[in-house]
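Remarks on the structure that follows.
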Number of protein chains: 2
Amino acid sequence: MAGIEEVARATGVSTATVSRALRGLPNVSDTTRAAVRRAADELGYVASSSASGLASGRTLALGVVVPSVSRWFYTQVLEGVDAELRSASYDMILFNLGGHRGDRERVFHRSILRKRTDALLALCLDFTPDEREQLASLGHPTIVVGGPVKGLRSVGIDEKATAREATNHLIGLGHTEIAHLGGEDEEGLNSNVPAGRLRGFEKAMRAAHLTVRPEWVIPGGFSLPEGRAAMNRLLDRPGPKPTAVFAGSDEMAMGAMLAAADHGLRVPDDLSVIGIDDHDYSACFGLTTMAQSPFEQGSAATRILLDELAGGEPRAGSVRSPAHLVVRTSTAPPR
Amino acid sequence: MAGIEEVARATGVSTATVSRALRGLPNVSDTTRAAVRRAADELGYVASSSASGLASGRTLALGVVVPSVSRWFYTQVLEGVDAELRSASYDMILFNLGGHRGDRERVFHRSILRKRTDALLALCLDFTPDEREQLASLGHPTIVVGGPVKGLRSVGIDEKATAREATNHLIGLGHTEIAHLGGEDEEGLNSNVPAGRLRGFEKAMRAAHLTVRPEWVIPGGFSLPEGRAAMNRLLDRPGPKPTAVFAGSDEMAMGAMLAAADHGLRVPDDLSVIGIDDHDYSACFGLTTMAQSPFEQGSAATRILLDELAGGEPRAGSVRSPAHLVVRTSTAPPR
DNA sequence: TTGAAAGCGTTACCAG
DNA sequence: CTGGTAACGCTTTCAA
C-alpha cells in the first residue's frame with residue numbers, strides 16, 4: 001500500500017535513491033541501500049508494475065500464447081517457461097486461444113499488442129500473415145516452441161526425422177503392415193507438426209519399399225480418447241489388419257493400446273505401438289516412444305528471449321531439440 | 001505504436017474524448033466515436049496497459065496462483081477461468097508455484113503484491129497466516145477453487161461427502177475389504193482436500209461397521225504413476241488383499257487399474273476401483289467415478305470475482321459444486 | 001553517491 | 001457532448 005515517497009521520507013533520501021537502491025542499481029552506498037531496504041520491508045512497499053512499466057518501458061512480463069492448456073505437451077512447455085521466468089523474476093501472461101478461432105483477433109489486439117509484455121513465446125501456433133506483421137511491428141522479441149513457423153525462429157525437434165526414426169524402429173523389427181495414427185489439422189494449430197510426422201512416416205515406408213495404405217493413415221486428434229476411437233474404427237473394419245502402428249503422440253499411442261485391448265489384441269504380440277513424446281504415463285504403459293523434452297524446449301526458448309531482453313545479441317536461427325528412441329514393451333517383431 | 005495524441009490529432013478531438021470513445025463510455029456522439037474508432041484502427045493504436053493501469057487503478061488482469069499446471073484438475077480449472085476472462089476481456093497472469101516452496105515468498109512479493117492484477121484466484125493452495133494477511137491488505141477480491149481455506153471463500157465440491165458416496169458405492173456392492181489410495185500432503189498444497197477425502201472414507205467405513213486397515217490407506221501422490229506404484233506395493237505385500245479400492249483421484253485410480261493388471265488381477269472381477277474427478281481418460285478406462293467439473297468451478301469463481309470488480313456486491317459465502325456418481329465397468333460386487 | 005525535476009501515456013475531474 | 005488539466009507512481013537524465 002505504501003508508495004515510494006513514504007519509503008523515501010522514512011529513510012530520509014529521495015525517491016530516486018529509493019528506486020535505485022531497491023532495484024540493486026550501482027552507485028548507492030551500502031548503508032543507504034540497507035536502510036532503504038529495511039524501510040521498504042517495514043512499510044510493505046512493493047513498486048507498482050504499472051508505474052514502473054510506464055516509466056521504464058519494461059513490464060518484466062512474458063506473454064505466452066497457447067492453443068490450450070489441456071495437452072501434456074503444452075503443460076510441460078509451460079512448466080519449462082515458468083521455471084526460467086521465475087529465476088529471472090519475470091511474470092507470465094497466459095494467452096489461451098482455447099480453440100476459439102474467432103477470439104484470436106481480439107486476443108491479439110486487446111492483449112498482445114497492449115504492451116503488457118516485453119516478449120512473446122508462442123506454442124505450436126501458426127500465424128496468419130496479418131498476425132505476423134502485427135507481431136513484427138510490435139518489435140519485441142518473439143519465438144515459437146513446437147513446430148517451425150515461417151518467418152519466426154523456433155525451438156523444437158526435427159518432426160520429420162523423428163517420425164522416420166520411429167517408423168524405422170517398427171520396420172527394423174520386421175513389420176511391413178504399419179498404420180499411422182496422426183494428428184489432424186486443428187484450427188490455428190501448427191499444422192506443420194502433424195504434417196511433418198506424416199511425411200517422415202511416408203518417407204521411411206517408401207525407403208523400405210513398403211506401401212502406405214491410405215485407409216491406415218487415420219486422424220487421432222492428438223488425444224487419448226480420440227486416438228482410441230480412431231484405432232477402434234480401423235480395427236473394426238473388415239479385411240487385413242496392421243501389425244504395428246506409429247502414433248504421432250504418446251497420448252494417441254496409449255489410446256491405440258486401449259483400442260487393441262478393446263479388440264482382444266495383445267500388445268506387442270498382436271500389435272506393436274510406438275509414439276512420440278515420452279509422456280508422464282508412457283513408462284506405466286510400457287510404451288515405446290521417441291522421447292523429447294518440452295520442458296527443456298520451453299526453458300531454452302525462454303532463455304533466448306530473456307537474454308535478448310537483457311541486452312544480448314539477438315540470435316536469429318532456430319534451435320533443434322533432441323529426440324531419442326526409448327524402447328519399452330509395446331513393440332516387438334510381428335508374430 | 002501510435003499514442004493517443006496522434007489519434008486525437010488525426011480526429012481533431014482531445015485525448016480525453018479519444019479515451020472515452022474507445023472505451024465505449026457514454027457522452028460521446030456517434031459520429032465522433034466512429035471517427036475516433038476509424039483513426040485508431042488506421043493508426044494501429046492500442047492503449048498501453050501500463051499507462052491506463054496507472055491512471056485508472058485497474059489492470060484488467062486476473063492473477064491465478066496454481067501449484068503446478070501438470071495436473072488434470074488444474075488445467076481444467078484454468079480453461080474454465082480463461083473462458084470467463086476472455087468474454088470479459090481480462091488477461092490472465094499465471095503464478096505457478098511449481099512445487100518451489102522456497103519461491104513462494106518471492107512470488108507473493110514480487111508479483112502478487114505488485115498491483116499487476118485486479119483480483120486473485122488461488123488453486124488448491126493453503127496459505128500461511130502471513131500470506132493471508134498480505135492478501136487481505138492488498139484489498140482486492142480473492143477466491144479459492146478446490147478445497148476450503150480458512151478465512152477465504154471458495155468454490156469446490158464437498159470433499160467429505162463425495163468420498164463417502166464413493167465408498168458407499170463399493171460398500172453397497174458388497175465389498176468389505178476396501179483400500180484407500182489417497183493424496184499425500186504436498187508442500188503448500190491444500191491438505192484439506194486429501195484429508196477430507198480420507199475422512200469421508202473412514203466415516204463411510206465406520207458407518208458400515210467395517211474396519212479401516214491402516215496398511216491399506218496408502219499415499220498415491222495424486223498422479224497415475226505414483227498411484228500405480230503405491231498400489232503395486234500394496235499388492236506385493238503378503239497376506240490378505242482388498243477386493244476394492246477407493247482412489248482420491250481418477251489419475252490415481254487409473255494407476256491402480258494398471259497395478260491390478262501388473263498383478264494379473266482383472267478389474268472389476270478381482271478388484272473394483274472407483275475414483276473422483278471424471279478425468280478425460282476415465283471413460284476410456286471404464287472407470288467408475290464421482291464426477292466433478294473443475295472447468296465449471298473455475299468459471300464460477302471467476303464470475304464471482306468479475307462481478308465484484310464490476311461493482312457488484314461482494315458475496316461472502318463459499319460455493320458448493322456438485323459431484324455425482326458415474327458408474328462404469330470398474331466396479332462390481334466382489335467375486 | 002545523491003537529489004531535483006521532467007517525463008512515461010492514460011484516465012478522471014471539472015468547466016464550458 | 002467536449003476540452004483542459006491535474007493526477008497516477010515510478011524511472012531517468014542531468015546536476016550537484
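Protein chains get the first letters and strands the later ones, always in sequence-line order, with residue 1 at the start of each.
- For Leu43(B) and dG9(C), the CG to P distance is 15 Å, given to the nearest whole Å.
- Judged purely by distance below 3.5 Å, without hydrogens or angles, the side chains of Ser19(A) and Arg23(A) pair a donor atom with an acceptor atom.
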How would you summarise protein contacts on nucleotides 5-16 of chain D per nucleotide, using B for base, S for sugar-phosphate only and - for none, with heavy-atom distances below 4.0 Å? ---BBBSBB---

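- OP1 or OP2 of dT2(C) sits under 4.0 Å from a side-chain N or O of Ser29(A).
- For the residue pair Glu79(A)/Ser70(B), the side-chain donor-acceptor check at 3.5 Å is satisfied.
- No side-chain donor-acceptor contact under 3.5 Å links Gln76(B) and Gln297(B).
- The closest side-chain donor-acceptor pair between Thr17(B) and Ser14(B) falls under 3.5 angstrom.
- Thr11(B) places a side-chain N or O within donor-acceptor distance of the main-chain N or O of Val7(B), the cut-off being under 3.5 Å.
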